[in-house]
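Labels below follow one simple rule: chain letters A, B, ... track the order of the sequence lines, proteins then strands, and each chain is numbered from 1.
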There are 2 protein chains.
Amino acid sequence: MNTLAVNNSRKIEPDGRSHDPDGVRRDIIAVATSEFAEKGLSGGRVDEIAARTRTSKRMIYYYFGDKEGLFVAVLEAAYARIRAIEGELDLAGMPPLDSLRKLTEFTFTYQNSNQDFVRLVMVENIHNGAHLARSETIQALNVSVLNVLRDIYDRGVAQGVFRPGIDIIDIHMTISALSFFNVSNRATFSLIFKRNMATRAALAKRRAVVADTVLRFVSKS
Amino acid sequence: MNTLAVNNSRKIEPDGRSHDPDGVRRDIIAVATSEFAEKGLSGGRVDEIAARTRTSKRMIYYYFGDKEGLFVAVLEAAYARIRAIEGELDLAGMPPLDSLRKLTEFTFTYQNSNQDFVRLVMVENIHNGAHLARSETIQALNVSVLNVLRDIYDRGVAQGVFRPGIDIIDIHMTISALSFFNVSNRATFSLIFKRNMATRAALAKRRAVVADTVLRFVSKS
DNA sequence: AAAAAAATGTACGAGACAGTTAAATAACCA
DNA sequence: TGGTTATTTAACTGTCTCGTACATTTTTTT
C-alpha cells in the first residue's frame, strides 16, 4: 500500500542529530504521504506525522512552513515519481496495437500498486486543485505520457490500424479514468455491487477489459 | 452545483418553532450535504452546518447522534435520490444501441449536474466505505441500473448487434468510471493538461466520446 | 387532564490541534 | 578563527470544534 520506503539505516550522531538534512526532508515527506493519503488533508494530523518521523514537529515547520506547504511537497514528490517512471517506458519499437495495450496495462497496474498516489490525487481534487495550482514544480513537469501516446497513435494511423481524428487527450483520459476508478471507487463499488475488486483474478480480468476498451475505441472498423 | 433545494416556505409559529420535525431533518441534511461535499467529512464543520440551518446544533445531535451519523444520513439521502431517478429511466422500447447510448449519456449528464453526489462518494471512498458499510438502508437499495443494463444487453445480443459473453458489471463500471472521472478529477486534470473540461463544448464532446467508447466495447465487429 | 414522549434553545466544557517561542549546537565559509 | 547559517529540541499557547448538561416547551397518549 505504502509506496515509500523510509531509510532506516541512517546513522545518529552522539548529539542525536542525523546531519542529513535531505534525509530528514525525505523522511518527513514519506511519513506525510502515508498520513495524508490515509486521512486526507483535514484529517491528517501534523502531530501524528511528527511522531512517526525520526525528527520533530518543529522541523516540519522549519522545512515546509505549514501543513499546506507540507501537502504541496507531498504532491510534488508523488507526481515526480510517476513522471519519472513514465519517462522510462520504451514502447517505440512495438506495433501500435501492442504498444497501446502495454501502456494501458502499465497505467492500470501502476495505479493499483500505488494507491497512495491515487488517494492523494483524490484528496487534492476535493480541494479543487488549490495546491497543484500553487506549485510551479508540478506544472512545469512536462507530461511525457502524451508524447508516448502521440507517437503510438500517429504510427497506428499511418499503418492504417487506428482511425484518424482522435484527440489523444481523450485516449489518455479514458486510460486514466478506467485505471483510476478501479482504485479510487473500489470501496463503495465493491460494497454496492458485492464484488471483491481486489483479488488477483478480478484485477487481471478488469485490466484486460480496460485494455480492450481502449483498443476498440481507437481501432479502425 | 447544489442539488438540494431547501424548503424556505415553512411557516414559523409565534414561538419560533416550525413544528415540522421532518422538515427540520431534511433541512439539516440539505445543508450538511453541501458542507460535506465541499469540505469532506473531517473538513466539514458541525457548527457551520448548524449556522446555515434554520434550526440549532442541538437538533443535529438530537436526530443524528453525532457527526458521522449525520454523514451517513447524507449519504443515504444522496444514494436514494439517484436510485429513484434510475428507476424512472424507460429505455425498453428503443433499439439496444440507442438505449445504451442514452443510458450512458444520461449517467454522464447526471454526474456532471450533481457534483455534490460525486464529491460525497469521493469522500466516502477516502474513508474506505466505512459509513456505507454501516448503513443497512443503502445496501438494501437494489441496484436498479443493473436490471436496465441487463435488459438492454440481452436484447442486443439476441439481435446480434452486441457480442456475447460480457459481464454487465464491466459495462456499468466503464460507464460509471468515465462519467465519474470527468467530474472527480476535473481540477487536477484540467491543471495538468491545460484544458478547461467544464465548458459546454468540452462536455458535449467528451460525452460523445464516452458513449462511443462504451458502444464500441459491446458492439459486434 | 395528567403523564409520557418528542422537540427545541442556551450555554459551556474538555480536548484536540496548528503553529510558536526560546535556546542551543553544529556545519560552513571567509 | 570567528561569524553566519543550518538544524534541532521541548514546552507552550490560543483557538477551534465536537459534543453535552440542563432547562423548557409542545405534542401525543392514556
Could you tell me whether [X] and [Y] make a salt bridge, using a distance below 4.0 angstrom between a side-chain N and a carboxylate O?
{"X": "A/E35", "Y": "A/R52", "answer": "yes"}
{"X": "B/E86", "Y": "B/R83", "answer": "yes"}
{"X": "A/R195", "Y": "B/D170", "answer": "no"}

Send over the distance from [X] [atom1] to [N] [atom2], rounded to a whole Å.
{"X": "B/Y62", "N": "D/dG19", "atom1": "OH", "atom2": "P", "result": "18 Å"}
{"X": "B/M59", "N": "D/dG19", "atom1": "CE", "atom2": "P", "result": "17 Å"}
{"X": "B/R58", "N": "C/dA7", "atom1": "CZ", "atom2": "P", "result": "11 Å"}
{"X": "B/K57", "N": "D/dT17", "atom1": "NZ", "atom2": "C1'", "result": "7 Å"}
{"X": "B/I60", "N": "D/dT17", "atom1": "CD1", "atom2": "C1'", "result": "13 Å"}
{"X": "A/Y61", "N": "C/dA18", "atom1": "OH", "atom2": "P", "result": "6 Å"}

* Does B/K102 NZ have over 12 foreign heavy atoms under 6.0 Å away? -> no

Listed partners of [X] passing ring pair (Phe, Tyr, Trp, His ring centres under 6.0 Å), at least two apart:
{"X": "A/F193", "value": "A/F189, B/H172"}
{"X": "A/Y79", "value": "A/F117"}
{"X": "B/F180", "value": "A/F181"}
{"X": "B/H127", "value": "B/H131"}

* Within residues 64-74 of chain A, residues whose heavy atoms come under 4.0 Å of DNA chain D -> none

Output a table of nitrogen or oxygen pairs between the protein and nucleotides 13-15 of chain D separated by less than 3.5 Å.
none

Hey, does the side chain of [X] reach the backbone of [Y] with a donor-acceptor pair shorter than 3.5 angstrom?
{"X": "A/N125", "Y": "B/A187", "value": "yes"}
{"X": "B/R45", "Y": "B/S42", "value": "yes"}
{"X": "A/D27", "Y": "A/T53", "value": "no"}

* Check side chain to side chain contact (heavy atoms under 4.5 Å, CB included) between B/Y153 and all other residues, then give those that pass, not counting sequence neighbours. => B/V157, B/F162, B/I166, B/I168, B/I171

* To do: Strictly below 4.0 Å, heavy-atom distances to any atom of DNA chain C: list the hits from residues 122-132 of chain A, or just say none.
  => none

* To do: With a 4.0 Å heavy-atom cut-off, tell me which residues in residues 35-48 of chain A come close to DNA chain C, sorted by residue number.
  => A/G44, A/R45, A/V46, A/D47

Would you tell me if any nitrogen or oxygen in the side chain of [X] comes within less than 4.0 Å of OP1 or OP2 on [N]?
{"X": "A/Y63", "N": "D/dA6", "result": "no"}
{"X": "A/T55", "N": "D/dT9", "result": "yes"}
{"X": "B/S56", "N": "C/dG9", "result": "yes"}

* Results of salt bridge (charged side-chain N to carboxylate O under 4.0 Å, His left out) for B/R134 - residues two or more places apart only -> B/E68

* Taking the side chain as every heavy atom from C-beta outward, state whether B/M173 and A/N182 have any pair of such atoms under 4.5 Å apart. => yes

* **Test item: side-chain donor near acceptor, B/N114 and B/R119, under 3.5 Å** => no

* Asked: Among pairs that include at least one residue of residues 177-187 of chain B, which meet salt bridge (Lys or Arg N to Asp or Glu O under 4.0 Å), considering only residues two or more places apart or in two chains?
  -> none

* **Angle by which the axis turns from one end of the helix from C/dA1-D/dT30 to C/dA30-D/dT1 to the other, five pairs per end, to 10 degrees** => 10°

